[in-house]
Amino acid sequence: MDGEGMPPEIPADVRDEYEELLPGSVDVLPDGELVRQLQRARSEQRPLRVKLGVDPTAPDIHLGHTVVLRKLAQFQAFGHTAVLIIGDYTAKVGDPSGRSKSRPRLSDEEINVNAATYVEQAAKVLDMDKAELVRNGDWLGPLRMNEVLNLTATVTVARMLERDDFSRRYLANEPVSMLEFMYPLLQGYDSVAVRADIELGGTDQKFNLLMGRTIMEAYGLTPQSILTVPLLVGTDGEQKMSKSYGNYIGVSESAEEMFGKVMSIPDSLMVTYWRLLTGAGKLEVQTVERRLAEGGYHPAEAKRDLAERLVTLYHSSGAATAARSHFDRVFKERDRPEIIPEASIPSEVIQNGSVWLPRLLTALGLASSNGEAKRLIEQGGVRLDDAVLQDASAELAAAELAGSVLQVGKRRFLRLI
RNA sequence: GGGGGGGUGCCCGAGUGGCCAAAGGGAGCAGACUGUAAAUCUGUCGGCGCAGCCUACGGAGGUUCAAAUCCUCCCCCCCCCA
């Protein structure tokens with residue numbers, strides 16, 4: 001994971017740069033090309049154009065996206081140009097990478113909304129003032145049929161089927177649409193359009209990134225080199241972080257939420273998160289790893305530190321400290337949080353001055369149906385002022401509920417007013 | 001264009017006329033244990049104030065006392081041949 005195949009001789013003038021950019025990458029291809037580009041940039045006194053394409057397919061950026069954004073920010077820090085492509089057009093095609101199914105195609109409105117929040121959230125990691133921000137609809141939209149045909153002529157079906165997920169689906173008798181075949185071609189054309197020197201992406205993008213080289217060459221350009229970063233495993237510890245798997249931590253989530261989600265990751269993921277998400281140097285990560293291995297650092301404590309660090313990054317150190325004490329209070333001491341959201345009892349659930357508990361829970365959004373609410377109650381998951389309620393048929397006097405704290409599960413609290 | 005296979009709950013998948021709100025697994029949710037970790041165990045897992053009713057097995061009709069299961073038409077996916 002730390003840059004295999006490091007060329008034996010790194011010229012002194014770019015060594016620092018190279019040794020900072022390489023860690024945290026998986027593939028840097030072709031061999032030695034990055035070093036040559038860094039040197040060329042230096043001798044020609046021009047920054048490298050470093051491309052990153054993101055498709056606004058979901059409204060939020062999560063920590064998984066930040067891995068590659070951080071890498072891009074590193075290039076920025078060395079004076080190179082970050083070219084951030086919002087794939088408004090490709091979002092409509094839907095990248096099938098790593099998926100067993102084709103994605104649903106999005107509407108223009110969804111894409112625009114998503115694109116706006118993406119840029120806003122990417123700014124938490126990237127210096128957007130220095131970045132070049134473009135939308136690929138600007139050049140993909142106006143393409144004429146004959147230009148598209150020229151593009152498709154650059155690649156063979158056999159080459160397409162080299163892509164792992166295409167061939168897997170093909171062999172499993174699952175559909176692969178022609179539209180999906182277009183995706184790598186369009187992404188490659190983006191590289192032509194922005195004259196990319198380097199393209200970054202997750203490891204699942206390797207094929208697409210390499211396709212960019214083929215296509216740039218076909219268009220008479222110097223092919224980009226590529227750098228891939230690891231895919232971040234989500235909070236479930238199993239699958240890559242993704243909104244659709246529900247295992248993500250969004251960069252715009254509240255400090256408390258973020259802290260809690262980090263605490264819920266499996267221990268085995270801690271060091272990886274430390275390495276990929278915090279910006280901590282190699283040495284620091286190694287120290288954490290060693291202390292954990294030696295047993296002098298309790299994993300729960302290490303995870304708190306990790307959570308605090310991440311919250312600091314996306315909120316502030318004050319918010320992080322507060323989130324930490326909130327966490328300890330609620331989950332370690334099993335106490336109530338200091339700040340509990342308030343809600344009034346909806347009038348429609350009150351009948352003759354009393355409320356049927358399941359209906360109350362549903363009305364307040366603490367359960368999705370009366371049936372689920374009953375289940376929660378019967379299983380001892382509902383408390384009123386710290387007392388477990390187990391009678392799902394209970395009728396409570398509405399007047400007496402005011403001021404009480406309703407708790408569902410371990411973490412959902414609501415004060416009734 | 002011809003022939004064959006298939007579409008089941010969030011996902012995988014069993015089920016070929018009643019015992020089917022549909023086996024089993026996974027995910028989720030709640031509980032126990034704990035460090036909101038892992039592993040494990042228990043319960044639950046369409047809706048309805050629920051011994052009943054409603055909605056559901058790609059869609060629409062039909063046969064039947066009774067259909068996820070049988071028939072007709074349609075839609076979608078895959079394979080083989082052309």
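Numbered from 1 within each chain, the chains take letters A, B, ... in sequence-line order.
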J.: Think Ser369(A) has a side-chain N or O under 4.0 angstrom from the OP1 or OP2 of rG46(B)?
T.: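 For Ser369(A), the contact criterion (side-chain N or O under 4.0 Å from OP1 or OP2 of rG46(B)) is not met.
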
J.: Report which part of the nucleic acid Asn370(A) touches: base, sugar-phosphate, or nothing (heavy-atom distance under 4.0 Å, all strands).
T.: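 Since only primed, P, OP1 and OP2 atoms lie under 4.0 Å of Asn370(A), the category is sugar-phosphate.
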
J.: If you look at every strand shown and take non-hydrogen atoms under 4.0 Å, does Pro266(A) touch a base, only sugar-phosphate, or nothing?
T.: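 Here Pro266(A) touches the backbone only, sparing every base.
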
J.: What is the distance, rounded to the nearest whole Å, between atom CG of Asp267(A) and atom P of rU36(B)?
T.: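 Roughly 11 Å, once rounded to whole Å.
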
J.: Would Gln121(A) and Lys124(A) count as having a side-chain donor-acceptor pair, cut-off 3.5 Å?
T.: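 Checked: Gln121(A)/Lys124(A) side chains show no N/O donor-acceptor pair below 3.5 Å.
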
J.: Within the 4.0 Å heavy-atom criterion, would you say Gln351(A) contacts the bases, only the backbone, or no part of the nucleic acid?
T.: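 Contact class for Gln351(A): base.
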
J.: Could you give the distance separating rC33(B) and rC20(B) at their C1' atoms, to the nearest angstrom?
T.: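 Approximately 37 Å lies between the C1' atom of rC20(B) and that of rC33(B).
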
J.: Taking atom P of rA37(B) as reference, at what distance in whole Å does atom CD of Glu238(A) sit?
T.: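 After rounding, the gap between these two atoms is 15 Å.
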
J.: State the pairing partner of rG43(B); accept Watson-Crick or G-U wobble contacts with both distances under 3.5 Å, and report none otherwise.
T.: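 Per the H-bond distance test, rC29(B).
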
J.: Just the rounded figure in Å: distance from P of rC11(B) to CD of Gln239(A).
T.: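 The distance from CD of Gln239(A) to P of rC11(B) comes to 14 Å, rounded to the nearest Å.
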
J.: Expressed in whole Å, how much space separates the P atoms belonging to rC76(B) and rG31(B)?
T.: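 Between the two P atoms, the distance is 47 Å.
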
J.: Nearest whole Å is fine: how far is rC50(B) P from Glu372(A) CD?
T.: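 After rounding, the gap between these two atoms is 19 Å.
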
J.: With a non-hydrogen cut-off below 4.0 angstrom, is Ser393(A) in contact with a base, only sugar-phosphate, or nothing?
T.: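 It contacts base atoms.
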
J.: Compare the aromatic ring of Phe331(A) with the six-membered base ring of rG35(B) and state whether they stack according to the 5.5 Å and 30° rule.
T.: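 Stacking between Phe331(A) and rG35(B): absent.
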
J.: What does rG49(B) pair with, Watson-Crick or G-U, if both distances are under 3.5 Å?
T.: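 WC or wobble partner does not exist here.
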
J.: Tell me whether Arg159(A) at atom CZ has more than 12 heavy atoms from other residues, nucleotides or ligands lying less than 6.0 Å away.
T.: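 Above 12, so yes.
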
J.: Using a 4.0 Å heavy-atom cut-off, does Ile265(A) contact any base of the nucleic acid, only the sugar-phosphate backbone, or nothing at all?
T.: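 Sugar-phosphate, backbone atoms only, no base.
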
J.: Any donor and acceptor pair, going by atom type alone, linking the side chain of Glu33(A) with main-chain N or O of Pro30(A) inside 3.5 Å?
T.: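 No, Glu33(A) side chain to Pro30(A) backbone: no donor-acceptor pair under 3.5 Å.
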
J.: Starting the side chain at C-beta, find the nucleotide from rG43(B), rC50(B), rA37(B) nearest to Lys374(A).
T.: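 Closest nucleotide to the Lys374(A) side chain: rC50(B).
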
J.: How far, in whole Å, is rU8(B) from rA21(B) if one measures between their C1' atoms?
T.: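 Result for the C1' pair: 12 Å, nearest Å.
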
J.: Can you tell me how far P in rG59(B) sits from the matching atom in rA68(B), rounded to whole Å?
T.: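 It works out to 12 Å between them.
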
J.: Under 3.5 Å, is there any donor-acceptor pair linking the side chain of Gln390(A) to the base of rG31(B)?
T.: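 Under the 3.5 Å cut-off, the side chain and the base do not form any donor-acceptor pair.
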
J.: Could you check whether Arg383(A) gets within reach of a base, just the sugar-phosphate, or nothing at all, counting any heavy atom under 4.0 Å?
T.: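 It contacts nothing in the nucleic acid.
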
J.: Can you tell me how the ring of Phe327(A) sits relative to the ring of Phe259(A), calling it parallel under 30°, perpendicular over 60° and tilted otherwise?
T.: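 Geometry flag for Phe259(A) against Phe327(A): tilted rings.
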
J.: How do Val382(A) and Thr235(A) order along RNA chain B: which one's closest nucleotide is nearer the 5' end?
T.: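 With Val382(A) and Thr235(A) compared, the 5'-side residue is Val382(A).
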
J.: Mind calculating the distance between CZ (Phe327(A)) and C1' (rA37(B)) to the nearest angstrom?
T.: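 So the two atoms are 10 Å apart, to the nearest Å.
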
J.: Could you tell me whether Gly260(A) contacts a base, only the sugar-phosphate backbone, or nothing, with contacts defined as non-hydrogen atoms closer than 4.0 Å?
T.: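 Base, at least one base atom sits under 4.0 Å.
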
J.: Provide, to the nearest angstrom, the distance between the NZ atom belonging to Lys332(A) and the P atom belonging to rU36(B).
T.: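 Atom-to-atom, Lys332(A) to rU36(B), this comes out as 9 Å.
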
J.: For Glu395(A) and Ser268(A), take the nucleotide of RNA chain B holding the closest heavy atom to each; which residue's nucleotide lies nearer the 5' end?
T.: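 Residue closer to the 5' terminus by nearest nucleotide: Ser268(A).
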
J.: Give a yes or no on whether a donor-acceptor pair under 3.5 Å exists between the nucleobase atoms of rU36(B), that is its base, and the side chain of Arg329(A).
T.: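 Side chain to base: no pair present.
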
J.: Would the number of heavy atoms belonging to other residues, nucleotides or ligands and lying under 6.0 Å from CG of Leu149(A) be above 12?
T.: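 Enclosed.
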
J.: Is it true that, when you exclude Glu395(A) itself, more than 12 heavy atoms of the residues, nucleotides or ligands shown sit nearer than 6.0 Å to its CD?
T.: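 Enclosed: over 12 neighbouring heavy atoms sit under 6.0 Å from CD of Glu395(A).
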
J.: Pick the P atom in rG47(B) and in rU55(B), then give their distance to the nearest Å.
T.: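 Pairwise P distance, rG47(B) against rU55(B), rounds to 16 Å.
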
J.: Between rA60(B) and rC11(B), how far apart are the two C1' atoms, rounded to whole Å?
T.: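 About 28 Å, rounded to a whole number of Å.
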
J.: Taking atom C1' of rG49(B) as reference, at what distance in whole Å does atom CG of Leu360(A) sit?
T.: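 Nearest whole value for this atom pair: 15 Å.
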
J.: Let me know the distance between CZ of Arg375(A) and C1' of rG31(B), rounded to the nearest Å.
T.: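 It is 15 Å, rounded to the nearest whole Å.
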
J.: Suppose you measure atom C1' in rG26(B) against the same atom in rG9(B); what distance do you get, rounded to whole Å?
T.: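 Nearest-Å result for rG26(B) against rG9(B) at atom C1': 14 Å.
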
J.: Work out how far the C1' atom of rC29(B) is from that of rG46(B), and round it to whole angstrom.
T.: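 Pairwise C1' distance, rC29(B) against rG46(B), rounds to 15 Å.
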
J.: Using purine N1 to pyrimidine N3 plus N6-O4 or O6-N4 for Watson-Crick, or N1-O2 and O6-N3 for G-U wobble, each under 3.5 Å, what pairs with rA37(B)?
T.: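 In the structure as shown, rA37(B) has no Watson-Crick or wobble partner.
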
J.: Hey, are Lys51(A) and Ser191(A) close enough side-chain-wise for a donor-acceptor pair under 3.5 Å?
T.: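 Judged by distance alone, the side chains do pair up.
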
J.: Using only side-chain N and O atoms of Lys410(A), determine if any of them is under 4.0 Å from OP1 or OP2 of rG31(B).
T.: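 Yes.
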
J.: From Thr362(A) OG1 over to Trp356(A) CH2, what is the distance, rounded to the nearest 0.5 angstrom?
T.: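 Here the rounded value is 7.5 Å.
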
